[in-house]
There are 2 protein chains.
Amino acid sequence: MAESAKAQETSVRILDAAELLFIEHGFDGTSMRMITQSAGVNIAAVNYYFGSKDGLYRSVFERRTEPFARLTIANIDELERNNATPDVHAVVQAFIKSALQLGTDPALGGLVFVKLLARAYVEPHPILKESMPRRYGEVVRRYAGALGRALPHLTETEVHWRFHFLTSAMFSAFAGNNVLRLFMEHPVTNARDPQLVARNLMPFLVAGLTAPSAN
Amino acid sequence: MAESAKAQETSVRILDAAELLFIEHGFDGTSMRMITQSAGVNIAAVNYYFGSKDGLYRSVFERRTEPFARLTIANIDELERNNATPDVHAVVQAFIKSALQLGTDPALGGLVFVKLLARAYVEPHPILKESMPRRYGEVVRRYAGALGRALPHLTETEVHWRFHFLTSAMFSAFAGNNVLRLFMEHPVTNARDPQLVARNLMPFLVAGLTAPSAN
DNA sequence: TATAGTTTCAAACATACGTTTGAATAAAAC
DNA sequence: GTTTTATTCAAACGTATGTTTGAAACTATA
């Protein structure tokens, strides 16, 4: 079988290099030669290990998807085990805790994967549309469900709206995609320390979610 | 001079086609042949009217940038004329009003431009980095300033954080970039009627912004 | 040490890219 | 009506793309 130490190292080097380049330049903006050069491997190595550029893209996500999903589910499992009907603060805390663990632990990809997700958000490659719902559908259902139970004054549709706002703000914040960064020459807030992001994000989200219904 | 009816029509057809394709496939994912084919013009027309693909990209933004900036500034001008120190609700309302006018008026680009901005957000082409701050720097300063005056219990840094969260949620919402859409096979909330977006967004944002300080 | 399997590599593959050309056509100016 | 200018067009430009090839180098098993 394959899986010699050296071989594994090569495919991992490719994944690492590709992940960073996909964030910076997107899928179409990243060429095979950029990837292999950055990884320090021969250009044929990508097709040898991953079959194609599309296959590499799939593998880049697959490496991160499962651990992050598991983490997120574990956090809401723990929350609901200790608290039958958790309040908004607790649900948001559990959700943010996942992003925080992800952003802090390099073994999970660190902030790199958050950025990749943020990009996939507006740049939906067909490959994602086919694989993301399968693994993250459950995550969304669990958190949106818990949020709904914590916000009985809102309709299901309203809960989904707010979950949408919540995730948008959260992803942008952790990924560091800041309107100030793009629109101003000297942004004041461009810190990206996950702990700092989380502390500033919490009160905003909790208050926003708890707001009275619009209807 | 140029500007014959036919010539203008050609360059406008190119801008329209390119704008849509850039949203769907990004800059690198959109080829000259895709653009000219979709616009129904010869492939050489882009270079004839815009010099290069980069030049076209610049022109696509330039067409929308100025009207939107003017609209946004006009709204805060009006707000501050009628109200020396507006409260949070009024500031957010003025800001959302701009997005709403933009999203509703096809002459301004409609939701198309919002989506383009949302994409530019995570896919920063060098051309944008050079042109956006020049025109939108003032917009950000004005609104962030007004927000700061309406939220005296927050530090300047905190105000910037919340402005970041506010814009992230708003742009995603109006652009329709929904986590539910990407992560679930049957999203509940994928409505994109600007009026509906605005009504759901308002209470969330106002409450989030008004939340007590994190420190 | 010989053999089988795995991984690397330089080179070439066909195709798509953005751009340029120069002639043909249309419009405007005189 | 002729000359100038502006626009369109098919074809080709050189370069970059993702992928494949087949031999070389390496690793493991016997």
Side-chain angles (χ1 to χ4, degrees), chain A residues 1-63 119 123 125-128 130, chain B residues 1-63 119 123 125-128 130:
Chain A
M1 290 283 101
E3 303 301 280
S4 79
K6 186 75 188 299
Q8 199 180 48
E9 200 195 89
T10 296
S11 66
V12 170
R13 271 217 309 278
I14 293 173
L15 286 173
D16 289 342
E19 197 172 39
L20 288 174
L21 288 167
F22 285 152
I23 290 172
E24 185 117 18
H25 306 101
F27 180 77
D28 290 309
T30 305
S31 73
M32 293 290 241
R33 283 159 181 85
M34 287 164 73
I35 296 167
T36 51
Q37 196 169 318
S38 161
V41 304
N42 186 273
I43 184 170
V46 171
N47 290 277
Y48 179 74
Y49 283 102
F50 304 100
S52 65
K53 193 187 175 187
D54 277 354
L56 170 59
Y57 195 60
R58 171 180 281 111
S59 296
V60 163
F61 275 91
E62 273 176 0
R63 176 169 68 151
R119 181 134 201 170
E123 180 184 279
H125 193 290
I127 285 177
L128 301 179
E130 139 212 321
Chain B
M1 290 283 103
E3 304 299 284
S4 80
K6 186 77 188 300
Q8 199 179 46
E9 201 194 88
T10 296
S11 66
V12 171
R13 272 217 308 280
I14 293 173
L15 287 173
D16 289 342
E19 196 172 39
L20 289 174
L21 289 166
F22 285 151
I23 290 171
E24 185 116 18
H25 306 102
F27 180 76
D28 290 309
T30 305
S31 73
M32 294 290 243
R33 283 160 182 85
M34 288 166 71
I35 296 168
T36 50
Q37 197 168 317
S38 162
V41 303
N42 186 273
I43 186 174
V46 171
N47 291 278
Y48 179 74
Y49 283 102
F50 304 101
S52 65
K53 193 187 177 187
D54 278 354
L56 170 59
Y57 194 62
R58 172 181 282 111
S59 296
V60 163
F61 274 91
E62 273 177 359
R63 177 169 68 150
R119 181 134 200 169
E123 180 185 281
H125 193 291
I127 285 178
L128 301 179
E130 139 211 320

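These numbers come from the heavy atoms of this one structure, side chains and all, not from hydrogens, waters or symmetry mates.
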Problem - N or O in side chain of B:Thr10 less than 4.0 angstrom from D:dT8 OP1/OP2 - result: yes
Problem - N or O in side chain of A:Tyr48 less than 4.0 angstrom from C:dT6 OP1/OP2 - result: no
Handout entry: Partner set under side chain to side chain contact (heavy atoms under 4.5 Å, CB included) for B:Leu21, not counting sequence neighbours
Key = B:His25, B:Thr30, B:Met34, B:Ile35, B:Ser38
Practice task
Locate the shortest heavy-atom distance separating B:Val46 from B:Met32; write the atom from each residue and the value.
Solution key: CG1-CE, 3.6 Å
Handout entry: Set of residues satisfying side-chain hydrogen bond (donor to acceptor under 3.5 Å, both in side chains) with respect to A:Asp54, sequence neighbours excluded
Key = A:His125
Practice task
State which residues pass side-chain hydrogen bond (donor to acceptor under 3.5 Å, both in side chains) with B:Asn42; sequence neighbours excluded, sorted by chain then number.
Solution key: none
Exercise for the section: Report the residues that fulfil salt bridge (charged side-chain N to carboxylate O under 4.0 Å, His left out) with A:Arg33, sequence neighbours left out, ordered by chain and then residue number. Expected result: none
Handout entry: Separation of atom CD in B:Glu9 from atom C1' in D:dT8, rounded to whole Å
Key = 14 Å
Practice task
Find the distance A:Phe22:CZ to D:dG18:C1' and express it as a whole number of Å.
Solution key: 12 Å
List, one per line, each side-chain donor-acceptor pair under 3.5 Å for residues 55-62 of chain A, sequence neighbours excluded.
from: A:Arg58; atom 1: NH2; to: A:Glu130; atom 2: OE2; distance (Å): 2.8
from: A:Ser59; atom 1: OG; to: A:Gly55; atom 2: O; distance (Å): 3.1

Completion exercise
Quick tally for nucleotides 11-23 of chain C: nucleotides whose base has a protein heavy atom under 4.0 Å get B, sugar-phosphate-only ones S, the rest -, giving -B----BBBBB--
